[in-house]
2 protein chains.
Amino acid sequence: MTLAEKAYDSLRRDIVSGALKPGAPLRMAQLSQRYDMGFSPLREALNRLQAERLVTSVALKGFSVAPLSMDEMWDATNTRVLIESRALRLSIDLGGDEWEAGIVGSLHALLLQAARGTVTEEDARALESRHHAFHAALLGACNSGWLLEFFQRLYLESERYRHPMLAPRPGEPARDVQAEHEALAKATLARNGDLACALLADHYRRTAQRLESLMAPVAAAE
Amino acid sequence: MTLAEKAYDSLRRDIVSGALKPGAPLRMAQLSQRYDMGFSPLREALNRLQAERLVTSVALKGFSVAPLSMDEMWDATNTRVLIESRALRLSIDLGGDEWEAGIVGSLHALLLQAARGTVTEEDARALESRHHAFHAALLGACNSGWLLEFFQRLYLESERYRHPMLAPRPGEPARDVQAEHEALAKATLARNGDLACALLADHYRRTAQRLESLMAPVAAAE
DNA sequence: AATTCCAAGATTTTCGAAAATCTTGCTTGC
DNA sequence: GCAAGCAAGATTTTCGAAAATCTTGGAATT
């Protein structure tokens, strides 16, 4: 693995996780020290991330972490529903045994990790990774590279918003996300496209709504 | 404008226009000579283009122009229809006077250039640029940064396929593309979402079909 | 007092060479 | 004769410094 790839992975993780805050300027000297490498691999990584809209840049003034906003979150959510609904219907039409096995398997892995609870940082990473794997498995048979690419882009983007929500606030009615995942898998495996897409849209819109109610006080406090 | 930006523009143009052939390896020494600059700005541009899927790269083995295929073209076409249909309906719902004016104006500019005919290389560039402006104007009021971003990505991708078709083959029944554009604009301005989307889908699928029949003999000959 | 101009410092961008890795073709051993 | 190993050359990747540009703060002018 080259240094530029390491830089890309590290920067991406730190931006998505919020360790580098939205809007924060990314100075070469600072990054060079933080990740212990020269300017070249960092600039390559930053250019890739810019193309993916995770960082912004102005010529001769450098890079910054791309800002977040509620408008953008709703835009990403709605576009996600459009893209993934299509991909899910295509998968339901085209998917074979292997696809079904992937869904069942990744759902099982996700439920195991969720039941285990999130105690360590490592747990959080595993849960996130299995959550991603499950949603990717649902769409895996759609046979469209472009839909999958856009799914990845939007998944990453929404992860930026989801991250601050990971710690559930006390006193809130706990939402059974895993039950939603199970229902979604069941409808999909039953090849019920309409129901599956409705559940998928609900799943994302509910997350967005909770995010909005969670972020509103934060934004007001700033 | 920095050298890296010049490199990005030049490389992108040369890839989209086919001057750099699909699959061709991109050697640093060769590019450095061709565009008269050092490695740094070239590598930055190549990394951006890689994120946009116009070039591929393998660690320590360098970059290549991303390959083309008929499967991928159909995938891009279908995904385009999905994205742009949604954006068009949103624009029809949300668009105001300024949006309408943009459509009428860009259509007029497109028709002027089309009537002028394509004699010089400059004409071809102008036609392409106005074609893009017209399609962008249609979607301009959708109020979704993500839909517009995906539109741009897919427009660029399809330009790669469209380019070899620009010279119309003699003996083929001439297709009146501009009439399609006019009908599309008319339905859109009449706020008839169903008709506009149907015309849009037809417009793209017809282009794809013509491309397929045009490319099939080329592919067979290789 | 407000504005413009300039210099010093900070920062980004680019280059050219060094380091690391891959490729090719030859040699060696079987 | 053939495969494995190795050396030489080609290529990519990375670094460190130089060049270009921006920012800041103060001095000079109106």
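Since this is a predicted model, take the numbers as computed values, not measurements. To find a chain, count down the sequence lines: A is the first, B the second, and so on, and within it residues start at 1.
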Under the ring pair (Phe, Tyr, Trp, His ring centres under 6.0 Å) rule, collect the residues that match up with [X], sequence neighbours excluded.
X        : result
A:His132 : A:Phe151, A:Tyr155
B:Phe134 : B:His181
A:Phe150 : A:Trp146, B:Phe150

Pairs flagged by salt bridge (charged side-chain N to carboxylate O under 4.0 Å, His left out) wherever residues 57-71 of chain A is involved - sequence neighbours left out:
none
Would you mind listing every salt bridge (charged side-chain N to carboxylate O under 4.0 Å, His left out) that reaches into residues 114-125 of chain B, with sequence neighbours excluded?
B:Glu122-B:Arg125
Test of understanding: with side-chain hydrogen bond (donor to acceptor under 3.5 Å, both in side chains), list the residues that count as partners of B:Asp14, not counting sequence neighbours.
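Partners of B:Asp14 under the side-chain hydrogen bond (donor to acceptor under 3.5 Å, both in side chains) test: B:Arg34, B:Tyr35.
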Tell me, please, which residues at least two apart from A:Glu157 pass side-chain hydrogen bond (donor to acceptor under 3.5 Å, both in side chains).
none
Near DNA chain C, which residues from residues 47-56 of chain B have a heavy atom under 4.0 Å away?
none
Using a 4.0 Å cut-off on protein heavy atoms (strictly under), produce a 5'-to-3' string for nucleotides 10-16 of chain D with B for base contact, S for backbone-only sugar-phosphate contact, and - for none.
-SSBBB-
